[in-house]
Amino acid sequence: MKGDRVEIVVDAGDTTRTYEVVATRAGRRVETAVRRGVVEVSEVTRNGTVVRTARFMSTRVLALVEQPVPRDDTEAQA
């Protein structure tokens, strides 16, 4: 959903760097995958087309924080 966000904290030698991937439009979502020593974070459309991808070596990733948009449950029940 629009606003879903994933923050990636990466070891950059003597410091850390923080990267952020955000679902920028309605109907898009952010997906994460770990394959063959690579962490891949992608913004994906409703039909599964990848819009953008960020790739990091898994040995360098310190934290992967998924932050979904707070949803109001009262709207879903009405």
Side-chain angles (χ1 to χ4, degrees):
M1 276 191 82
K2 180 178 180 178
D4 283 350
R5 186 172 80 193
V6 175
E7 291 182 31
I8 306 102
V9 181
V10 179
D11 177 20
D14 58 343
T15 186
T16 61
R17 291 192 182 178
T18 303
Y19 297 93
E20 194 171 86
V21 177
V22 180
T24 56
R25 290 189 174 180
R28 292 190 179 171
R29 63 187 184 277
V30 179
E31 294 182 349
T32 59
V34 179
R35 298 183 192 128
R36 295 182 153 204
V38 176
V39 175
E40 195 172 276
V41 182
S42 302
E43 181 182 356
V44 181
T45 62
R46 286 183 182 146
N47 62 2
T49 306
V50 177
V51 178
R52 71 180 89 168
T53 301
R55 291 185 183 104
F56 305 93
M57 291 174 34
S58 61
T59 56
R60 295 288 186 178
V61 175
L62 300 174
L64 187 68
V65 182
E66 296 182 11
Q67 299 179 345
V69 172
R71 291 167 177 76
D72 189 14
D73 290 337
T74 57
E75 292 177 9
Q77 295 174 356

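As a basis for the values below, the full set of heavy atoms in this structure was taken, side chains included, without hydrogen atoms, waters or symmetry mates.
For the atom pair Glu66 CD and Glu7 CD, the distance stands at 11.5 Å (nearest 0.5 Å). Atom-to-atom distance recorded for Glu31:CD and Thr53:OG1 is 10.0 Å, nearest 0.5 angstrom.
Hydrophobic clustering of Ile, Leu, Val, Met, Phe, Trp and Tyr side chains at less than 4.5 Å, counting indirect connections, keeps Val9 apart from Phe56. Using a 4.5 Å cut-off between side-chain heavy atoms of Ile, Leu, Val, Met, Phe, Trp and Tyr, with links allowed through other members, Val38 and Val10 fall into different hydrophobic clusters. Val39 is connected to Tyr19 through a chain of hydrophobic side-chain contacts under 4.5 Å among Ile, Leu, Val, Met, Phe, Trp and Tyr, so both are in one cluster. Using a 4.5 Å cut-off between side-chain heavy atoms of Ile, Leu, Val, Met, Phe, Trp and Tyr, with links allowed through other members, Val61 and Met57 fall into different hydrophobic clusters.
When every heavy atom of Ala23 is checked against every heavy atom of Arg28, the shortest pair comes out as CB-O, 3.6 Å. Considering every non-hydrogen atom in both Thr45 and Val51, the closest pair reads CG2-CG2, 3.6 Å.
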task: Give the C-alpha distance, both sets of side-chain angles, the deciding distance and a yes or no for side-chain contact (heavy atoms from CB on, under 4.5 Å) between Thr24 and Arg52.
output: CA-CA 11 Å; Thr24 56; Arg52 71 180 89 168; 3.6 Å; yes
Worked check of side-chain contact (heavy atoms from CB on, under 4.5 Å) between Glu20 and Thr18: CA-CA 7 Å; Glu20 194 171 86; Thr18 303; 5.8 Å; no
From CA spacing to verdict: side-chain contact (heavy atoms from CB on, under 4.5 Å), Leu64, Val6: CA-CA 7 Å; Leu64 187 68; Val6 175; 3.8 Å; yes
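Judged by distance alone, the side chain of Arg55 and the main-chain N or O of Val41 form no donor-acceptor pair under 3.5 Å.
Remark: Thr16 engages no residue in a side-chain hydrogen bond (donor to acceptor under 3.5 Å, both in side chains) (not counting sequence neighbours).
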